[in-house]
Each structure stands twice: as C-alpha cells, then as structure tokens.
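The structure appears right after this line, and notes come after that.
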Amino acid sequence: MTPGTNVVDLGALGFEQGAHLLLDRALRQAPHGSRIEVLGTDPALLPHLAVWCRHEGHELRTAEPGEAPVVARLRAGPAAGARLKAAQRAGGPSAAQIAERAPLHWGLAARGALVEAGGPEVPFTVVDRDIAWADLAPRLYQQAAASQWDPQSAVEWDADFTLPGEIEAAVVQVMTYLVENEQAALVVPARLLVQVHPHFRELLQLLAVQAADEARHVEVFTRRALLRGGSMGTSSVGGRASLATLLTEPDFSIASFLLSVLGEGSFLSLLAKAGKRPRGEDPHRPAEVTTAGDPAGQRSAGTSRSRVHAGEVPLETLRRQLAPGPKLGD
C-alpha cells in the first residue's frame, strides 16, 4: 500500500451487497485528483469494479500481483460531479422560501431539493406564486387535517325518530340535492389538484383534504337519504347546469373562489334554514325536521365552514392579480 493514500478495505463485501456505496463515498471525500486504494476478498470484486468504473466514468488501475492486498486504485473521473454543475435549489423547504415561479423541469422534486439540470417538464398549468399561493394556506391545511371525522362513529345512525311521509320525502330531496352539490365539490378540487405545481405543496394538501371531506359528505348525505328504505330524490336540469359552470371554469383562482365561498356558503345557508328557528317561530315547520337533519348535517356543516375559510386563498390571489389594474373612473 502507498503511504498517505486513502484506503477502502471492503473485506468480503461485494457489489451486490453495497460495496459501490462505500467506494462512491470515499471518492467524494478524497482530495481532488487523488487516488484511493481498494482492498477486498470478494472473488467478483475486480470485474464488478471494472464495470462500475466504466459506467461512472472513474479511472481504474488494476494492482499488480505483488501489491496484494491492494486489488485496484481508483481516481474520480471528470464526470463524477458534472451532473450537479447546473443543478439549482427548488426554493427552500419552508413556506417562507417559496419561489416566485416553479419551473416545469422541477417536476415532482421536493421543495428545497437540489434539482439536477435536464429531465422531463411536467405540464402543470399553475406555476406562479401570485396565482397559486396564499400565506395562510399552511394554517388552513393544518386546521382541515385536524378536523377529520369518521361518518360511522360520528353520526348516530341508529337514532330513533319518525317523520311524516311528506317531511321524510322532503328531507330525501334535500339530501339528493346536497349529494349533487357535494359531488361537484369533490370533482372541482380534484381537477384543480392536478393543475398546481407540487412546489406549492400546502395548497395541494389543502385541496386533497377538501376532496376527502366532500367524499365523506357524499357518503353521509346518501346514507341519510336512504336511511328509511326509500329511493333518491330528483336531479333537476337547472341544478346540474349551474354546477357544471364550476367544472368548466378555466381560471384557477375563480374556480377556487366559486367553490369555497359561493358553493360552500350556499350549503351552509341551506343547513341554517333547516335548523336555526324554533318551531314556535314557524308553525308550518315540524320540529322533527331539525332532528332529521342533525345526523347528516351538523358534522358536514363544520367542515363546510372550514371550506368557506379556505376561500381566503383564492381571494388573496385575486387581489394580487387585480392590484395592478386601472382605478375606477380611469
């Protein structure tokens, strides 16, 4: 062995067991231009070493028989660090270090990762911070994630109540209408989800939780509609046409706003009308309607309130987009 030379003794470790990881580490730590001496007893070490060096671009010099126990000497080739020369950081890991624009070649790279140059461009359509991001998105996601609930255990499906036939039919129709609306509220965030660059991950997480919430609402309202053994109500042409506008709105910020503020706000207003006023203030509304709505509506109302708050994200982005516009009267 040559005095002052870095030595890697692999023992009986072969390449199929990770010998190349130790060699790669030693080459990265060795002074630039210096060699490392490789020791090892694995019978296939030398041929595997030759193939690995050729693939990685390293210089290999096989040791002479009289130089045992040295098997070979390696020196890192010029291509060893070339792949990182044009690499760039994908912003920083925290929400405060988000880039103004997320290049398409960053693709699915984690925020803050060192991204090698090249690679495929993933066609995300929402890549600008001003369009996608709001500083309150991380907090809204944390709140939404913390408020998850299980429809099976959170709703008293076995509660004993009886409604007149006409009232039960009305409740079924309302539930049918809500299912239709919640299915739109499920599809819209799912559609928006695939448009947003993963660099804005908290927004993706918020949309994903929102989709999960709406899927749960669909389950709950469907179950309530069928609770007494009947069938679903009627789906109107006008209702479907109105909801279709949410699915066809091309602008990300506007679609988010329509869903979170107008859509979920209408849902909350409907539940409020069903449950706010005591019977004495409205003699034509049986008190049991509130009881019937509670098993399916109260839990869903809580998550819908958080969806309305989530509307602050598109509102903030819309304010930024409109800020440079002309003043009224210009």
Side-chain angles (χ1 to χ4, degrees), residues 90-99 102 104 106-113 122-152 154 178-222 243 246-265 267-268 299-318:
S94 74
Q97 298 171 296
I98 287 178
L104 295 181
W106 284 1
L108 300 174
R111 195 168 67 214
V122 183
F124 298 110
T125 57
V126 181
V127 297
D128 292 303
R129 176 190 171 100
D130 283 349
I131 295 177
W133 186 251
D135 290 335
L136 74 166
R139 177 171 58 83
L140 290 174
Y141 165 66
Q142 292 170 359
Q143 292 174 349
S147 63
Q148 299 300 293
W149 50 278
D150 177 13
Q152 182 60 37
L178 291 177
V179 169
E180 196 167 273
N181 280 263
E182 296 298 345
Q183 289 186 152
L186 167 61
V187 172
V188 171
R191 181 175 68 89
L192 298 177
L193 192 63
V194 298
Q195 298 180 32
V196 181
H197 198 294
H199 185 71
F200 310 105
R201 66 166 181 262
E202 290 84 355
L203 181 58
L204 293 182
Q205 292 166 327
L206 182 60
L207 289 169
V209 172
Q210 183 171 354
D213 286 340
E214 309 309 350
R216 185 167 52 242
H217 294 172
V218 170
E219 174 189 349
V220 167
F221 293 140
T222 301
L243 292 173
L246 287 174
L247 306 182
T248 56
E249 172 54 54
D251 186 274
F252 173 81
S253 298
I254 294 177
S256 302
F257 172 77
L258 291 174
L259 172 66
S260 297
V261 178
L262 300 184
E264 298 291 353
F267 170 76
L268 288 175
R299 278 287 188 170
S300 301
T303 49
S304 288
R305 291 188 190 96
S306 68
R307 299 285 75 78
V308 173
H309 291 311
E312 296 176 48
V313 174
L315 276 176
E316 184 173 326
T317 62
L318 284 170

Inset, instruction - Identify the two heavy atoms, one from Ala144 and one from Ser147, that lie closest to each other, and give their separation to 0.1 Å. - result: O-OG, 3.0 Å
Inset, instruction - Check Ala185 against Glu214 and note the closest heavy-atom contact, atom names and distance. - result: O-CG, 3.2 Å
Inset, instruction - Go through the structure and list residues passing side-chain contact (heavy atoms from CB on, under 4.5 Å) with Gln97, not counting sequence neighbours. - result: Pro93, Ser94
Legend entry - By side-chain hydrogen bond (donor to acceptor under 3.5 Å, both in side chains) - contacts of Glu202 (at least two apart): Arg111
Inset, instruction - Mind listing the closest non-hydrogen atom pair of Ala134 and Pro138 along with its distance? - result: O-CD, 4.2 Å
Legend entry - Leu204: partners by side-chain contact (heavy atoms from CB on, under 4.5 Å), with sequence neighbours left out: Leu193, Val196, Pro198
Legend entry - Spatial distance of atom CD (Glu182) from atom CD (Glu219) [nearest 0.5 Å]: 12.5 Å
Inset, instruction - Would you name the heavy atoms of Ala99 and His199 that are closest together and state the gap between them? - result: N-NE2, 2.9 Å
Inset, instruction - Provide the full list of salt bridge (Lys or Arg N to Asp or Glu O under 4.0 Å) pairs with a residue in residues 191-200, sequence neighbours left out, each pair given once. - result: none
Inset, instruction - Report yes if the side chains of Leu108 and Phe124 come closer than 4.5 Å at any heavy-atom pair, otherwise no. - result: yes
Legend entry - Heavy-atom side-chain contact between Val209 and Gln148 under 4.5 Å: yes
Legend entry - Atom pair CG/CD1 of Leu203 and Ile131 - distance to nearest 0.5 Å: 12.0 Å
Inset, instruction - Examine distances only and state if a side-chain atom of Asp128 and a backbone atom of Asp130 form a donor-acceptor pair shorter than 3.5 Å. - result: no
Legend entry - Contact check, side chains of Val179 and Gln183, non-hydrogen atoms, under 4.5 Å: yes
Inset, instruction - State which residues pass side-chain contact (heavy atoms from CB on, under 4.5 Å) with Leu243; sequence neighbours excluded, sorted by chain then number. - result: Glu180, Asn181, Ala184, Leu246
Inset, instruction - Take the angle between the ring planes of His197 and Phe200 and call it parallel below 30°, perpendicular above 60°, tilted in between. - result: perpendicular
Legend entry - Tyr141: ring-ring contact (aromatic ring centres under 6.0 Å, His included) partners, not counting sequence neighbours: none
Inset, instruction - Not counting sequence neighbours, which residues clear side-chain contact (heavy atoms from CB on, under 4.5 Å) with Ala90? List them please. - result: Trp106, Val115
